[in-house]
Amino acid sequence: MALLDILQYPDPRLHKVAAPVTAVDQRVRAIVADMFETMYAAKGVGLAATQVDIHERIIVVDTSEQRDQPLVLINPEIVRHSDERKEWEEGCLSLPGIYDKVTRPDSIRVRALDARGEAFEIDADGLLAVCVQHEMDHLEGRVFVDHLSTLKRSRIKARMRKRQRETQAA
Ligand code: K1U
Ligand code: ZN
């Protein structure tokens, strides 16, 4: 297993659209294992392959308190969502320390393949629904700040660029 580097906003690679996985094989399972290791080490509740510069439709999630309920979603699709929408404060491992409110459907049904390539469906609400939608956005090349106003996004971009310049200078 290996810890992977997480791309930091505004890296243009975060805006690539991920390709479907054509075969769930050992190569994909190795990516999944590395993604879980990276997500747990970064103390995140989710991670999309896009964030580690792998442009394939793979997501890992664990929103449990004990951090013992890993969920793998390969080629995920939202097959149903509630009309009711809810506002949540979101964060992102590609924008450490930046949080803002995003409104999304409150509950969803997702169809995906698991790590053995078996199809399954889950109903999600609360943090799990927010997290899966946030990660699916990453696979489309969208970051949560793309849901914010142009003004907020440009301020966040400037803050991230300043932080990156300071890190490079140190
Ligand atoms: O995509 C990512 O970078 C992971 C992201 C998932 C996420 C969390 C909360 C709302 C939407 C999406 C994170 O894990 S952010 C960091 C974090 O650990 C966290 C933030 C808020 C609540 C719980 C955890
Ligand atoms: Zn994110």
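Start at 1 and go down the list; that is how both ligands and their atoms are numbered. Model, not experiment: these values are computed from the prediction.
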Visitor: Kindly state if atom 21 (C) of ligand 1 has a protein heavy atom within a strict 4.0 Å cut-off, that is, under 4.0 Å?
Guide: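 Given the 4.0 Å limit, the answer for atom 21 (C) of ligand 1 is no, no protein heavy atom qualifies.
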Visitor: Considering non-hydrogen atoms of the protein only, which is the closest contact for atom 5 (C) of ligand 1, and what is the distance?
Guide: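 Ranking protein heavy atoms by distance from atom 5 (C) of ligand 1, first comes Gly91 O, 3.8 Å.
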Visitor: Please determine if His134 has a nitrogen or oxygen closer than 3.5 Å to a nitrogen or oxygen of ligand 1.
Guide: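 Checking ligand 1 against His134, an N or O pair does fall under 3.5 Å apart.
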Visitor: Would you name the heavy atoms of Asp34 and Met1 that are closest together and state the gap between them?
Guide: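 Here Asp34 and Met1 meet closest at OD1-CA, 3.3 Å.
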Visitor: Do Gln8 and Ser94 have side-chain N/O donor and acceptor atoms under 3.5 Å apart?
Guide: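 No pair is found: no donor N or O on one side chain lies under 3.5 Å from an acceptor on the other.
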Visitor: Give the name of the N/O/S atom in His138 that lies closest to the Zn ion (ligand 2).
Guide: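 This residue's closest N, O or S atom turns out to be NE2.
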Visitor: With a cutoff of 4.0 Å, is Gly46 in contact with ligand 1, counting heavy atoms of the residue only?
Guide: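 Right, Gly46 reaches ligand 1.
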Visitor: Can you tell me how far the CG atom of Asp62 sits from the OH atom of Tyr40, to the nearest 0.5 Å?
Guide: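 It comes to 3.5 Å.
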Visitor: Would you call the rings of His138 and His134 parallel, tilted or perpendicular if under 30° counts as parallel and over 60° as perpendicular?
Guide: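 Rings of His138 and His134: perpendicular, over 60°.
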Visitor: Under 4.0 Å between a side-chain nitrogen and a carboxylate oxygen: does that hold for Arg27 and Glu56?
Guide: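 Salt bridge between Arg27 and Glu56, a charged N being under 4.0 Å from a carboxylate O: yes.
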Visitor: Polar contacts were defined as any N/O atom of the residue lying under 3.5 Å from an N/O atom of the ligand; does this apply to Val45 and ligand 1?
Guide: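 Yes, since at least one N or O of Val45 sits under 3.5 Å from an N or O of ligand 1.
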Visitor: Tell me whether Leu47 has any N or O atom under 3.5 angstrom from an N or O of ligand 1.
Guide: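 Looking only at distances, the answer is no, because the N/O contact criterion of under 3.5 Å is not met.
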Visitor: In plain terms, say whether Glu87 and Arg104 are close enough for a salt bridge, that is, a side-chain N and a carboxylate O under 4.0 Å apart.
Guide: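 Between Arg104 and Glu87 there is no salt bridge, as every charged N stays at least 4.0 Å from the carboxylate O atoms.
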Visitor: Below the 3.5 angstrom mark, is there an N/O of Glu135, backbone or side chain, next to an N/O of ligand 1?
Guide: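 N/O-N/O distance below 3.5 Å exists for this pair.
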Visitor: Against ligand 1, does His138 come closer than 4.0 Å with any heavy atom?
Guide: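 His138: in contact with ligand 1 (<4.0 Å).
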Visitor: Return the name of the atom in His134, of element N, O or S, nearest to the Zn ion (ligand 2).
Guide: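 Minimum-distance N/O/S atom of His134 relative to the Zn ion (ligand 2) is NE2.
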Visitor: For ligand 1, which atoms have a heavy atom of Gly44 less than 4.0 angstrom away?
Guide: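 Checking each atom against Gly44, I get 14 (O), 18 (O).
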Visitor: Any nitrogen or oxygen of Lys43, side chain or backbone, less than 3.5 Å from one on ligand 1?
Guide: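 Looking only at distances, the answer is yes, because the N/O contact criterion of under 3.5 Å is met.
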Visitor: For His147 and Asp100, does a side-chain donor sit closer than 3.5 Å to a side-chain acceptor?
Guide: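 Short answer, no.
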Visitor: For atom 10 (C) of ligand 1, what is the nearest protein heavy atom, given as residue, atom name and distance?
Guide: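 For atom 10 (C) of ligand 1, the nearest protein heavy atom is Glu90 CA, 3.8 Å.
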Visitor: Taking heavy atoms and a distance under 4.0 Å, where does Gln51 meet ligand 1: side chain, backbone, both or neither?
Guide: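 Only the side chain of Gln51 comes within reach of ligand 1.
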Visitor: Tell me which one of His81, Glu121, Glu77 satisfies side-chain hydrogen bond (donor to acceptor under 3.5 Å, both in side chains) with Arg109.
Guide: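 One option only clears the test, and that one is Glu121.
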Visitor: Any side-chain donor paired with an acceptor under 3.5 Å for Arg29 and Gln26?
Guide: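 On atom types as modelled, these side chains qualify, holding a pair under 3.5 Å.
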Visitor: On a heavy-atom basis, which atom in Pro76 and which in Met136 lie closest, and how many Å separate them?
Guide: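 Scanning both residues, the minimum pair turns out to be O-CE, 3.4 Å.
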Visitor: How does Leu93 reach ligand 1, by side chain, by backbone, by both or by neither, if only non-hydrogen atoms under 4.0 Å count?
Guide: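 Contact part for Leu93 vs ligand 1: both backbone and side chain.
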